[in-house]
Protein chains: 2
Amino acid sequence: MQNNVRKFREQLGLTQKQLGELVVVSRQAINAIETGKFDPSIWLAYDLARFFGVSIDTLFFFKEEDRR
Amino acid sequence: MQNNVRKFREQLGLTQKQLGELVVVSRQAINAIETGKFDPSIWLAYDLARFFGVSIDTLFFFKEEDRR
DNA sequence: CCTCCATGTCAAGTAAACATGACACAACGG
DNA sequence: CCGTTGTGTCATGTTTACTTGACATGGAGG
């Protein structure tokens, strides 16, 4: 699933580790989401969107072609 | 996690089974979500919100107290 | 009374979202 | 050179979202 977590994260000058600590997940989880390895849970999607101050749909792109 | 899936579903006069078929999950999954037994995946949340024509946040309530 | 039908729930299994720990590598500054 | 930092990735394990199949119950209708 595509998203612009990385874009928002870099705009704030944060590392994956730092963002992970802020939303309380591992840095591997942040990395896996940024690189599209797996989709976030609804709570993590909410936490990330809320942290960046945007909606879930502006942070994550629900495209039919990359549905599991 | 609280939500008003049931409210929207009943407004459309649908059964859990019918809604499950429409969003392609089992009726037990619909039931479990309505009764708060587990949280939907981000895709199912998206599918349900989209089906009802509302946003994810109007369908699901992210309250800290019922976080897992 | 009988029979659907909708709902609730349980048991057992699978898949995916995480965690943790480890290793590789490139970029940078000392 | 070297040590650190950020990122990518792997292996292993746990938890949870979801499946199928089953059974119980209550309400509505014949």
Side-chain angles (χ1 to χ4, degrees):
Chain A
M1 158 175 247
Q2 285 188 328
N3 62 82
N4 35 33
V5 168
R6 173 159 304 181
K7 200 176 89 188
F8 280 107
R9 175 178 62 82
E10 290 180 341
Q11 278 179 5
L12 297 180
L14 295 173
T15 69
Q16 293 178 346
K17 183 166 184 273
Q18 288 172 329
L19 179 57
E21 285 161 358
L22 287 164
V23 296
V24 198
V25 288
S26 66
R27 78 168 182 92
Q28 286 87 340
I30 299 291
N31 185 12
I33 286 166
E34 286 189 354
T35 56
K37 292 217 153 195
F38 56 70
D39 301 333
S41 70
I42 193 172
W43 274 105
L44 181 50
Y46 167 77
D47 285 340
L48 286 169
R50 193 146 173 278
F51 177 77
F52 292 131
V54 297
S55 70
I56 290 182
D57 329 19
T58 45
L59 192 54
F60 297 98
F61 308 141
F62 298 90
K63 306 179 80 172
E64 291 305 320
E65 64 246 35
D66 43 301
R67 196 187 280 260
R68 321 199 161 273
Chain B
M1 160 175 244
Q2 286 187 329
N3 62 82
N4 36 32
V5 169
R6 173 157 304 178
K7 200 176 89 186
F8 279 107
R9 176 178 61 83
E10 290 180 340
Q11 279 178 4
L12 296 180
L14 294 173
T15 70
Q16 293 179 346
K17 183 167 184 275
Q18 289 173 329
L19 180 56
E21 286 161 357
L22 287 164
V23 296
V24 199
V25 288
S26 66
R27 78 170 182 90
Q28 286 89 339
I30 298 291
N31 185 19
I33 287 167
E34 285 189 354
T35 56
K37 293 218 154 193
F38 56 69
D39 301 333
S41 71
I42 194 173
W43 274 104
L44 181 49
Y46 168 78
D47 285 339
L48 287 168
R50 195 148 171 276
F51 176 76
F52 292 131
V54 297
S55 70
I56 290 183
D57 326 19
T58 45
L59 193 54
F60 296 97
F61 308 142
F62 299 90
K63 306 180 81 172
E64 291 305 320
E65 64 246 35
D66 44 300
R67 197 187 277 258
R68 324 195 156 275

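In what follows, every chain begins at residue 1, and chains take the letters A, B, ... in the order their sequences are listed.
Heavy-atom nearest nucleotides on DNA chain D were determined for B:Ile42 and for A:Gln18, and the one closer to the 5' end corresponds to A:Gln18.
Side chain of B:Glu10 to main chain of B:Lys7: no donor-acceptor pair is present (N/O by atom type, distance under 3.5 Å, no hydrogens or angles). B:Arg6 places no side-chain N or O within 3.5 Å of a backbone atom of B:Glu34 that could act as its donor or acceptor partner. No side-chain donor-acceptor contact under 3.5 Å links B:Thr58 to the backbone of B:Val54.
Checking the phosphate oxygens (OP1, OP2) of D:dG21, no side-chain nitrogen or oxygen of B:Arg27 falls inside 4.0 Å. In this model, the phosphate group of D:dT7 is not approached by any side-chain N or O of A:Asn31 to a distance below 4.0 Å at OP1 or OP2. Between A:Arg9 and D:dG6 there is no side-chain N or O to OP1 or OP2 distance below 4.0 Å.
A:Thr15 comes within 4.0 angstrom of the backbone, heavy atoms only, and of no base.
Classified by interplanar angle (parallel below 30°, tilted 30° to 60°, perpendicular above 60°), the ring pair B:Phe62/A:Trp43 is perpendicular.
Counting to the nearest Å, the P atom of D:dC18 and the CZ atom of A:Phe38 are 16 Å from each other. Rounded to a whole Å, the CH2 atom of A:Trp43 is 12 Å from the P atom of D:dA17. The CD-C1' distance, from A:Glu21 to C:dT20, rounds to 14 Å in whole Å. Residue B:Ile33 contributes atom CD1, which lies 9 Å from atom C1' of D:dC18 at whole-angstrom precision. Atom P of nucleotide C:dA6 and atom CD1 of B:Ile30 are separated by 15 Å, given to the nearest angstrom. Rounding to whole angstrom units, CD of residue A:Glu34 and P of D:dT9 are separated by 12 Å. Rounded to an integer number of Å, the gap from CG of B:Asp39 to C1' of D:dT15 is 13 Å. Between B:Leu12 atom CG and C:dA6 atom P the separation is 16 Å, expressed in whole Å.
The shortest side-chain heavy-atom distance between A:Leu19 and A:Arg27 does not fall under the 4.5 Å cut-off. Between A:Tyr46 and B:Asp57, the closest side-chain pair of non-hydrogen atoms is not below 4.5 Å. At a threshold of 4.5 Å between non-hydrogen side-chain atoms, the residues A:Leu44 and A:Ile33 count as touching. By the 4.5 Å heavy-atom criterion applied to side chains, A:Leu22 and A:Asp47 are not counted as neighbours. Using a 4.5 Å heavy-atom threshold, the side chains of A:Leu48 and A:Phe8 count as separate.
One finds the CD1 atom of B:Ile56 at 5.0 Å from the CD1 atom of A:Ile56 (value rounded to the nearest 0.5 Å).
Of the candidate nucleotides C:dC18, C:dG8, D:dT19, C:dG8 has the atom lying nearest to any side-chain atom of B:Gln16. Comparing C:dA17, D:dT7, D:dA17 against the side chain of B:Ser41 picks out D:dA17 as the nearest.
Residues from residues 48-68 of chain B lying near DNA chain C, meaning a heavy-atom separation below 4.0 Å, are absent.
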Pick out the pairs of N or O atoms, protein on one side and nucleotides 10-12 of chain C on the other, that lie under 3.5 Å.
none

